[in-house]
Amino acid sequence: MITGNLEYLISSLPYLSFQDTEEVRSRISSTLRKYARPVEEKTCLITILDDEAAKFLTPVTSHLLSQIKLSTIHNTIFQQSKNKVLAAFSEYVFVLKEDIKQLRISRRNDSSQTASKKQSSLITNADPLNEEMQLLKLKWDKLEALSIGHYTDFGALVIYKLKLLLLLRWWGFDTDKGFEVYLQTIKKN
């Protein structure tokens with residue numbers, strides 16, 4: 001059962017919003033780093049969150065939380081989770097990935113770059129960085145919808161971690177490096 005300590009942890013975490021400013025980055029980073037030991041200055045924010053949450057969770061639940069990553073959230077193990085929030089988001093990302101795959105196949109095969117109505121409503125045809133931003137926003141909005149009714153339970157902690165992962169992904173974008181990868185991809189095709 002969730003204890004009052006986890007409730008305190010969740011309420012003491014910095015508020016997350018879908019923004020990228022130095023002020024927001026600094027506030028989130030400094031608040032989470034207060035939980036880390038001073039010698040662990042370079043520790044990743046996700047590791048800090050996982051370690052702090054582990055103090056208030058069962059070993060099994062703590063392990064599950066630590067396994068949550070954006071790159072694997074669509075896997076079957078998360079889709080079949082007993083936690084409804086985790087399962088719903090995992091299923092959403094799985095379907096989203098399939099829809100995006102079909103959209104990209106459709107774009108590649110159709111010179112006019114038209115796609116089905118469902119697929120074209122997902123993201124607008126933009127440069128790769130803006131399309132990725134649109135996908136992050138779609139995922140963020142889904143998490144916002146799932147957060148209703150979850151304030152201090154494990155579902156709230158899962159949502160918080162996923163939102164933090166989305167922000168860290170966004171904040172990690174490097175347009176110069178991304179453009180180089182894009183050019184290399186074009187050369188291969």
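Note that the OG atom of S81 and the CZ atom of F154 stand 7.0 Å from one another [nearest 0.5 Å]. Taking CG of L162 as the start and CG of L157 as the end, the distance is 10.0 Å to the nearest 0.5 Å. To the nearest 0.5 Å, atoms NZ (K161) and CD1 (I73) are separated by 9.0 Å. For the atom pair CG (L136) and CD (Q134), the distance works out to 10.0 Å, reported to the nearest 0.5 Å. Taking CG from L165 and CH2 from W170, the interatomic distance works out to 15.0 Å, rounded to the nearest 0.5 Å. From E144, atom CD reaches atom CG of D141 across 7.0 Å, with rounding to the nearest 0.5 Å.
The shortest side-chain heavy-atom distance between T72 and I77 does not fall under the 4.5 Å cut-off. In this structure, V24 and R27 have side chains that are in contact, with non-hydrogen atoms separated by less than 4.5 Å. Between W171 and I28, the closest side-chain pair of non-hydrogen atoms falls below 4.5 Å. Looking at L135 and L138, their side chains come closer than 4.5 Å, going by heavy atoms from C-beta outward.
In this structure a side-chain-to-backbone donor-acceptor pair under 3.5 Å is missing from R33 to C44. For S11 (side chain) and Y8 (main-chain N/O), a donor-acceptor pair under 3.5 Å exists by modelled atom type. Distance alone, capped at 3.5 Å, places no donor-acceptor pair between the S147 side chain and the H150 backbone. With N75 contributing its side chain and F78 its backbone, the two residues share no donor-acceptor pair below 3.5 Å. Checked by atom type and distance alone, the side chain of S26 never pairs as donor or acceptor with a backbone atom of E23 at under 3.5 Å. The main-chain N or O of S17 is never found under 3.5 Å from a side-chain atom of K163 such that the two would form a donor-acceptor pair. The closest donor-acceptor contact from the side chain of K69 to the backbone of S66 lies under 3.5 Å. Listed for the S90 side chain is a donor-acceptor partner under 3.5 Å among the backbone atoms of Q79. Listed for the S29 side chain is no donor-acceptor partner under 3.5 Å among the backbone atoms of R25. Not one N or O on the side chain of Y160 forms a donor-acceptor pair closer than 3.5 Å with the backbone of L16.
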query = What do the steps show when you test E132 against R169 for side-chain contact (heavy atoms from CB on, under 4.5 Å), and what is the final call?
reply = CA-CA 10 Å; E132 185 64 27; R169 174 154 170 72; 3.0 Å; yes

request  = Could you go through the side-chain contact (heavy atoms from CB on, under 4.5 Å) check for D20 and L167 one step at a time?
outcome  = CA-CA 8 Å; D20 183 14; L167 288 176; over 6 Å; no

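Counted within 6.0 Å of CG on L70, heavy atoms from surrounding residues, nucleotides or ligands total more than 12; the atom is thus considered enclosed.
A cation-pi contact, defined as under 6.0 Å to the ring centre and within 45° of the axis, links K137 to F18.
I159 and Y151 fall into different hydrophobic clusters, where Ile, Leu, Val, Met, Phe, Trp and Tyr are joined by side-chain heavy atoms under 4.5 Å apart, directly or via other members. I100 and I105 are not part of a single hydrophobic cluster, where members link through side-chain heavy atoms under 4.5 Å apart.
Contact between L9 and A53 at its shortest, heavy atoms only, is CD2-CA, 3.6 Å. For Y92 against K139, the heavy-atom pair with the smallest separation is CE2-CA, 4.2 Å. A pairwise comparison of heavy atoms in T58 and T61 identifies OG1-OG1, 2.8 Å as the closest pair. Heavy atoms only, all atoms of each residue included: A156 and I10 are closest at CB-CD1, 4.3 Å.
Looking at L146, D153, I68 one by one, the single match for side-chain contact (heavy atoms from CB on, under 4.5 Å) with V158 turns out to be I68.
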